[in-house]
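Data block below; observations after.
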Amino acid sequence: MPIHMLYFAWVRERIGVTEERVTPPDDVRDVAGLIAWLAGRSDGHAEAFAEPARLRAAVDQDFVALDAPIAGAREIAVFPPVTGG
């Protein structure tokens with residue numbers, strides 16, 4: 001099942017798109033695996049996902065850890081941590 005990916009801030013800038021639909025292989029089971037798989041899609045993806053520990057994610061609009069499963073996910077957002085002043 002395709003997943004609607006959303007990218008924000010510098011993640012979006014490095015990839016060059018705000019959103020895309022992807023269909024990861026069956027062996028991609030969690031957000032970290034998805035990020036690793038996405039890193040192979042383009043140079044921009046590789047740059048954006050070079051340091052996964054710097055990323056945050058939401059699966060179907062719920063904030064999750066990178067080891068969260070993606071089975072059945074319809075939408076996954078990837079973004080940098082939010083800072084405030």
Out of curiosity, does [Y] fall in the hydrophobic cluster containing [X] (side-chain heavy atoms, cut-off under 4.5 Å, transitive links)?
| X | Y | answer |
| --- | --- | --- |
| I35 | V64 | yes |
| W37 | V59 | yes |
| V31 | V28 | yes |
| I15 | L66 | yes |

- Search all heavy atoms of V17 against all heavy atoms of Y7 and return the closest pair with its distance. O-CD1, 3.6 Å
- Message: So which atom in F79 and which in A58 form the shortest heavy-atom distance, rounded to 0.1 Å?
- Response: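 Scanning both residues, the minimum pair turns out to be CE2-N, 3.9 Å.
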Spatial distance of atom [atom1] ([X]) from atom [atom2] ([Y]) [nearest 0.5 Å]:
| X | Y | atom1 | atom2 | result |
| --- | --- | --- | --- | --- |
| Q61 | I76 | CD | CD1 | 12.5 Å |
| L6 | E75 | CG | CD | 4.5 Å |
| I70 | R29 | CD1 | CZ | 10.0 Å |

- Task: Flag the pair V11 / P80 as yes when at least one side-chain heavy-atom distance between them is below 4.5 Å, and no otherwise.
- Result: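 Answer yes - side chains close enough.
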- Would you say the side chain of M1 lies within less than 4.5 Å of the side chain of T23, judging by non-hydrogen atoms? no
List the atom pairs, donor and acceptor, that lie under 3.5 Å between side-chain atoms in residues 45-57 and the rest of the protein, sequence neighbours left out.
{"unit_1": "H45", "atom_1": "ND1", "unit_2": "S42", "atom_2": "OG", "d": "2.5"}
{"unit_1": "H45", "atom_1": "NE2", "unit_2": "E20", "atom_2": "OE2", "d": "2.8"}
{"unit_1": "R56", "atom_1": "NH1", "unit_2": "A53", "atom_2": "O", "d": "3.3"}

- Query: What do you reckon, is CZ of R41 surrounded by more than 12 foreign heavy atoms closer than 6.0 Å?
  - Reply: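 More than 12 within 6.0 Å, yes.
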- Task: Please name all residues satisfying side chain to side chain contact (heavy atoms under 4.5 Å, CB included) with P69, sequence neighbours left out, ordered by chain then number.
- Result: none
- Task: Look only at the side chain of D60 and the backbone of A73, and say whether a donor-acceptor pair between them is shorter than 3.5 Å.
- Result: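 It does not hold such a pair.
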- Quick one: does D30's side chain have a donor or acceptor within less than 3.5 Å of a partner on A68's backbone? no
- Query: Going through the distances and angles, do E19 and M5 end up as a side chain to side chain contact (heavy atoms under 4.5 Å, CB included)?
  - Reply: CA-CA 5 Å; E19 58 189 271; M5 297 296 306; over 6 Å; no
